[in-house]
Chemist: 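I have a structure here, written as structure tokens, and I will follow up with some questions on it.
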Amino acid sequence: MDTIEQIATDPAEAEQGGAPVIAVEDLHKSFGSQHVLDGISLAVKRGETLAVLGRSGTGKSVLLRLIIGLETPDSGSVRIHGQAIAGLALDQLGEIRKKMGFLFQHAALYDSLTVEQNVAFPLQHHKKNMPKSEKADRVRQLLAEVGMEDALAKMPSDISGGMQKRVGLARALALEPDILLLDEPTAGLDPISAAEIDDLVLKLQQEHHMASIVVTHDLHSAKTIANRLALLNRGKVVIEGDFEELQKSDIEFVKEFLKHS
Amino acid sequence: MLSLEARYSLTRFGAKSLLPAAIVFSVIHETGPIITGLVVSGRVGAGIGAELASMKVTEQIDAIEASAVNPYRLLAATRILACILMLPLLTLAADCCGLVMGWITQFMVEPVSLHQFINAGFSGADFNDFLPPTFKTAVFGLIIGLIACFQGMRTQGGAAGVGRAATSSVVLSSLFVILADVVLVKLIILFFP
Ligand SMILES: Nc1ncnc2c1ncn2[C@@H]1O[C@H](COP(=O)(O)OP(=O)(O)OP(=O)(O)O)[C@@H](O)[C@H]1O
Ligand SMILES: [Mg+2]
């Protein structure tokens with residue numbers, strides 16, 4: 001446990017590949033008497049994808065929400081590009097959030113807007129100078145990237161959960177973020193669509209050098225897209241490393257988890 | 001209803017001719033504004049409360065925030081402004097309905113044309129009787145909008161939470177509309193004697 005946290009925040013490693021874009025340190029979060037996160041430390045650098053695995057209810061979604069500041073931690077810190085987000089004024093936090101793309105576990109599309117308007121929403125609010133036609137082109141291009149260009153005029157309630165997820169991903173990418181936080185991007189997708197999303201995340205990571213954290217239950221997808229994997233259990237990081245390291249581990253929970261995946 | 005009862009008591013005191021004035025006075029001063037306030041609390045308060053609450057529990061408000069847009073400015077400000085602007089207008093409509101109803105009840109007992117009724121009713125009234133009570137409802141609008149948005153946006157816990165938000169919006173905004181009315185009537189009497 002200790003050694004893992006040391007690896008994540010090792011200064012030598014940080015110097016080697018530049019300072020981490022996302023740095024989470026000793027994060028604690030409880031809801032009432034339920035201690036959900038119990039000292040989580042993670043760091044993700046530019047061009048790196050970290051897959052976060054763990055059983056249902058271990059706090060993976062809560063972790064992502066803490067990173068983008070939708071929840072406040074009981075203790076510990078989140079740093080984005082070196083800047084601690086705790087205590088920032090809303091507009092300062094906004095500047096940071098513009099560089100972050102967030103995909104909610106249940107997509108969280110605006111149900112009163114069409115698919116097209118959903119993806120256009122961030123552009124509408126933050127690219128006020130962009131000409132209308134350019135915005136429309138960008139929306140089309142984003143939707144094409146997730147394979148949803150045919151659903152432009154549909155309402156979110158009229159498309160399937162997996163399709164909503166893909167629209168959510170397109171919306172998350174609208175402002176060309178350099179950080180991606182994806183909560184189960186391939187859950188509920190057929191294998192072909194899932195592979196397409198994996199390819200997209202890989203492309204974003206390699207071509208745009210995004211720093212990403214991807215929560216997933218899909219070990220295959222995690223293996224494909226992630227440089228490193230972190231396995232959470234009972235609010236702690238049980239192990240962090242590449243897939244081989246996980247396979248070699250003799251921690252009981254890791255073996256159990258891999259056996260069933 | 002009010003006018004029938006008033007008629008009974010006024011007739012007893014031999015002041016029947018004051019009835020149109022009494023009806024106009026009560027409708028414009030109090031009944032119109034407060035009934036509008038309470039009806040809007042019920043309808044619009046519940047509507048806004050439930051709408052924002054369901055956006056909250058489906059994480060749409062979080063999504064707005066995650067897109068670096070201020071959900072309060074985007075969702076609450078427009079709704080509160082709409083409430084503030086709409087209430088005085090709705091009050092005007094309610095006043096008209098109230099007066100016509102007052103005339104109809106009056107007409108049932110004693111034939112008098114609407115024109116006569118209005119003339120008699122407004123003979124002793126001036127703008128100070130009319131404007132402050134109408135525009136005080138803008139404050140009701142502010143209260144209803146604020147409470148409904150607040151209750152909606154801080155909702156937690158699924159569909160049950162949406163129901164709770166709608167109910168508490170109605171209850172709290174009705175309550176505060178009545179409280180505000182007491183204060184405002186005092187102020188209006190103070191400043192527009
Ligand atoms: N707002 C909240 N209030 C109270 N408890 C919460 C809240 N948000 C999350 N929790 C609790 O925190 C725990 C972790 O939730 P979280 O959604 O992060 O799990 P998860 O790891 O994402 O699970 P899954 O894989 O099923 O999505 C759960 O037990 C949940 O009940
Ligand atoms: Mg989750």
Side-chain angles (χ1 to χ4, degrees), chain A residues 31-32 61-62 64-71 80 85 88-113 117-128 156-157 161 164 167-169 171-175 177 179-183, chain B residues 40 43-83 85-86 144-169:
Chain A
F31 294 102
S61 299
V62 170
L64 290 192
R65 292 170 60 87
L66 281 160
I67 292 174
I68 199 167
L70 288 172
E71 309 267 0
I80 305 295
I85 62 163
L88 283 186
L90 206 59
D91 49 341
Q92 289 172 302
L93 192 54
E95 286 309 311
I96 295 180
R97 281 173 170 163
K98 280 186 212 168
K99 300 188 200 116
M100 304 171 93
F102 195 102
L103 171 62
F104 286 81
Q105 184 166 0
H106 303 288
L109 299 182
Y110 309 123
D111 57 15
S112 57
L113 304 181
Q117 290 165 334
N118 262 278
V119 180
F121 182 89
L123 299 174
Q124 225 99 60
H125 286 271
H126 299 302
K127 297 267 193 243
K128 298 213 164 90
S157 53
Q164 291 181 9
V167 175
L169 181 57
R171 185 178 66 184
L173 296 173
L175 293 177
I179 295 172
L180 259 188
L181 304 172
L182 307 180
D183 202 342
Chain B
V40 173
R43 275 198 62 93
V44 179
I48 291 177
E51 185 194 9
L52 295 189
S54 80
M55 288 186 76
K56 171 74 197 198
V57 300
T58 53
E59 294 184 310
Q60 291 177 58
I61 291 185
D62 292 333
I64 294 173
E65 223 178 302
S67 299
V69 174
N70 185 338
Y72 294 95
R73 204 173 299 159
L74 182 74
L75 299 175
T78 46
R79 282 167 176 75
I80 292 173
L81 196 67
C83 284
L85 294 178
M86 279 318 291
I144 296 167
L146 272 177
I147 290 179
C149 288
F150 183 74
Q151 291 296 322
M153 288 182 117
R154 61 174 212 115
T155 308
Q156 281 185 336
V162 177
R164 274 199 303 275
T167 314
S168 62
S169 298

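A, B, ... follow the sequence lines: proteins, then strands. Residue 1 opens every chain.
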Chemist: Between B/S67 and chain A, which part of the residue has a heavy atom less than 4.5 Å away: side chain, backbone, both or neither?
Modeler: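 It is both, since atoms from each part get that close.
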Chemist: Using a 3.5 Å distance criterion without hydrogens, assess whether the side chain of B/E65 forms a donor-acceptor pair with backbone atoms of A/L70.
Modeler: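 Not confirmed, B/E65 side chain does not pair with A/L70 backbone.
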Chemist: For B/V69, which of A/R97, A/Q124, A/H126 qualifies under side chain to side chain contact (heavy atoms under 4.5 Å, CB included)?
Modeler: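 Testing each of A/R97, A/Q124, A/H126 against B/V69, the sole residue satisfying side chain to side chain contact (heavy atoms under 4.5 Å, CB included) is A/H126.
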Chemist: If I compare all heavy atoms of B/A66 with all of A/I68, which pair ends up nearest, and what's the gap?
Modeler: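 Heavy-atom minimum between the residues: CB-CD1, 3.8 Å.
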Chemist: Look at B/E59 together with A/R65 and state whether they make a salt bridge at an N to O cut-off of under 4.0 Å.
Modeler: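 A/R65 and B/E59: salt-bridged.
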Chemist: Which pair of heavy atoms, one from A/K98 and one from B/A68, lies closest together, and at what distance?
Modeler: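 Closest approach of A/K98 to B/A68: CG-CB, 3.8 Å.
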Chemist: Select, from A/L175, A/I96, A/L109, the one with the greatest count of heavy-atom pairs under 4.5 Å involving chain B.
Modeler: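 So the answer, after comparing A/L175, A/I96, A/L109, is A/L109.
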Chemist: Assess whether atom CD of B/Q156 is packed by more than 12 heavy atoms of other residues, nucleotides or ligands within 6.0 Å.
Modeler: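 Check fails, neighbour count at 12 or below.
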Chemist: Quick one: what part of A/D111 sits under 4.5 Å from any heavy atom of chain B, side chain, backbone, both or neither?
Modeler: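 For A/D111, backbone and side chain are both near chain B.
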Chemist: Could you check B/I64 against A/Y110 for side-chain contact (heavy atoms from CB on, under 4.5 Å), going step by step and ending with a plain yes or no?
Modeler: CA-CA 9 Å; B/I64 294 173; A/Y110 309 123; 3.4 Å; yes
Chemist: For atom CZ of A/F121, decide whether the heavy atoms of other residues, nucleotides or ligands shown that lie under 6.0 angstrom number more than 12.
Modeler: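 Yes, the 6.0 Å shell around CZ holds more than 12 heavy atoms from other groups.
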Chemist: Measure the spacing between CG of B/D62 and CD of A/E71 and express it to the nearest 0.5 Å.
Modeler: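 Nearest 0.5 Å value for the CG-CD distance: 7.5 Å.
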